Amino acid sequence: MVDHDVLAATRDAYDAVASTYARLFGDSLRDSPLDRAILGAFAEVARARGGGRVADLGCGPGHVTAHLAESGLEAFGVDASPAMVELARQAHPGLRFEVGSMAALDIPDGALGGVLSRWSVIHTPPHEVPVLLAEFHRVLAPGGHLLIGFSASEGPSHPTQVFDHTVAPAHRWWPDHLAALLRTSGLAEVARMVREPQPTDRRQFQEVQLLARKAEE
């Protein structure tokens, strides 16, 4: 069960800052070689399943969706914020962007070679995250991959922690804890990238990206 009040509050918060967000982060991959590298690895493994179709869930202004499309994937974006989707459509008119909920995707079972979720589950209450992971599993083809990004909590004694995200209440996760939830959902971790905080970062948190794979049938 998803808390629709939380979803609505998060949607409204991102609607309110959509233009500012797009201006600040629309070219964020340019100065992020590590992000580009793991996205490249994700694109390579995703091309082998589901015809290279990939959903960027929580796509925001669409810059990462566009990067995946430039990598040769049939990429499309989904976001709960209508304002973000409108900006994505304006910036990338050749790509498909839809308003939708990660908990109830309008995507057939097993249709995708890849699912990307970059910092899009952080606003979901921790007890509801398994609902999202189950939905990610449902839409992935056998052998398909999920790349999920989030900020790390301080240690295993704090598997999740609330932090002061500037847009909406958000949660950090201990990587092993989220990896265990992935396994329970039928998604086995195959790799992880941990980025240490840099002196110029506003928040001194580790940033983690887990690559997980749905089993072959």
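Being a predicted model, the structure only gives us computed values, none of them experimental.
- The CZ atom of R53 lies 5.0 Å from the CD atom of E74; values are rounded to the nearest 0.5 Å.
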Query raised in the report: Given Q209 and R118, is the side chain to side chain contact (heavy atoms under 4.5 Å, CB included) satisfied, shown in steps?
Result: CA-CA 8 Å; Q209 298 189 59; R118 283 170 53 86; 3.6 Å; yes

Sequence neighbours excluded and cut-off under 3.5 Å, please list the side-chain donor-acceptor pairs for residues 21-29, or say none.
residue, atom, partner, partner atom, Å
D27, OD2, R30, NH1, 3.4
S28, OG, F25, O, 3.1
S28, OG, H63, NE2, 3.4

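- Just one of L39, L57, L73 meets the side-chain contact (heavy atoms from CB on, under 4.5 Å) condition when paired with L116; it is L39.
- Side-chain atoms of R195 do not come within 3.5 Å of backbone N or O of D35 as any donor-acceptor pair.
- A single hydrophobic cluster is seen to contain both V121 and L181, as judged by linkage of ILVMFWY side chains at heavy-atom distances under 4.5 Å, directly or through other members.
- Side-chain contact between P82 and R11 is present, with heavy atoms from C-beta onward closer than 4.5 Å.
- The cluster map of Ile, Leu, Val, Met, Phe, Trp and Tyr, joined by side-chain heavy atoms under 4.5 Å apart, puts W173 and V162 in different clusters.
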Requested in this report: Given side chain to side chain contact (heavy atoms under 4.5 Å, CB included), test Y14 with T10 step by step and report yes or no.
Outcome: CA-CA 6 Å; Y14 274 97; T10 302; 3.9 Å; yes

Got a list of side-chain donor-acceptor pairs under 3.5 Å for residues 134-157, not counting sequence neighbours?
residue, atom, partner, partner atom, Å
E135, OE1, R138, NE, 2.9
E135, OE2, L105, N, 2.8
E135, OE2, R138, NE, 3.4
E135, OE2, R138, NH2, 2.8
R138, NH1, I107, O, 2.9
R138, NH1, D109, OD1, 2.5
R138, NH2, L105, O, 3.1
R138, NH2, I107, O, 3.0
H145, ND1, G143, O, 3.3
S151, OG, W119, NE1, 3.4
S153, OG, H158, O, 2.5
S153, OG, W174, N, 3.1

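- Linking Ile, Leu, Val, Met, Phe, Trp and Tyr residues whenever their side-chain heavy atoms come within less than 4.5 Å leaves V54 and M102 in two separate clusters.
- Under the 4.5 Å side-chain criterion, counting only non-hydrogen atoms from C-beta, H67 is not in contact with D56.
- Listed here is the closest heavy atom pair of A212 and L182: CB-CD1, 4.1 Å.
- Using a 4.5 Å heavy-atom threshold, the side chains of K214 and L187 count as touching.
- Taking the ring centre of F97 as origin, the terminal cationic atom of R89 falls outside the region bounded by 6.0 Å and 45° from the ring axis.
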Report task. Start with the C-alpha gap between V129 and L178, add the side-chain angles, then the distance that decides, and say whether side chain to side chain contact (heavy atoms under 4.5 Å, CB included) holds. Result -> CA-CA 9 Å; V129 167; L178 189 50; 4.3 Å; yes

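- S19 and L87 get closest at one heavy-atom pair: N-CD1, 3.7 Å.
- Heavy atoms only, all atoms of each residue included: V85 and E98 are closest at CG2-O, 3.5 Å.
- Separation of atoms CZ (R192) and CG (L211) is listed at 11.5 Å; rounding is to 0.5 Å.
- Around atom CD of Q90, more than 12 heavy atoms belonging to other residues, nucleotides or ligands sit under 6.0 Å away.
- Under the 4.5 Å side-chain heavy-atom criterion for ILVMFWY residues, a single connected hydrophobic cluster contains both L34 and F42.
- Nearest approach of D79 to G58, heavy atoms of both residues: OD2-C, 3.2 Å.
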Report task. Begin with the C-alpha distance, continue with both residues' side-chain angles, and end with the deciding distance and a verdict on side chain to side chain contact (heavy atoms under 4.5 Å, CB included) for Q206 and E196. Result -> CA-CA 5 Å; Q206 287 182 332; E196 295 295 333; 2.8 Å; yes

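- The minimum heavy-atom distance between A75 and A69, with the atom names listed, is CB-N, 4.0 Å.
- No chain of hydrophobic side-chain contacts below 4.5 Å, direct or via other Ile, Leu, Val, Met, Phe, Trp or Tyr residues, connects V78 to L68.
- Interatomic distance, L132 CG to S101 OG, rounded to the nearest 0.5 Å: 7.5 Å.
- For the residue pair D15 and A83, the shortest heavy atom distance occurs at OD1-N, 3.0 Å.
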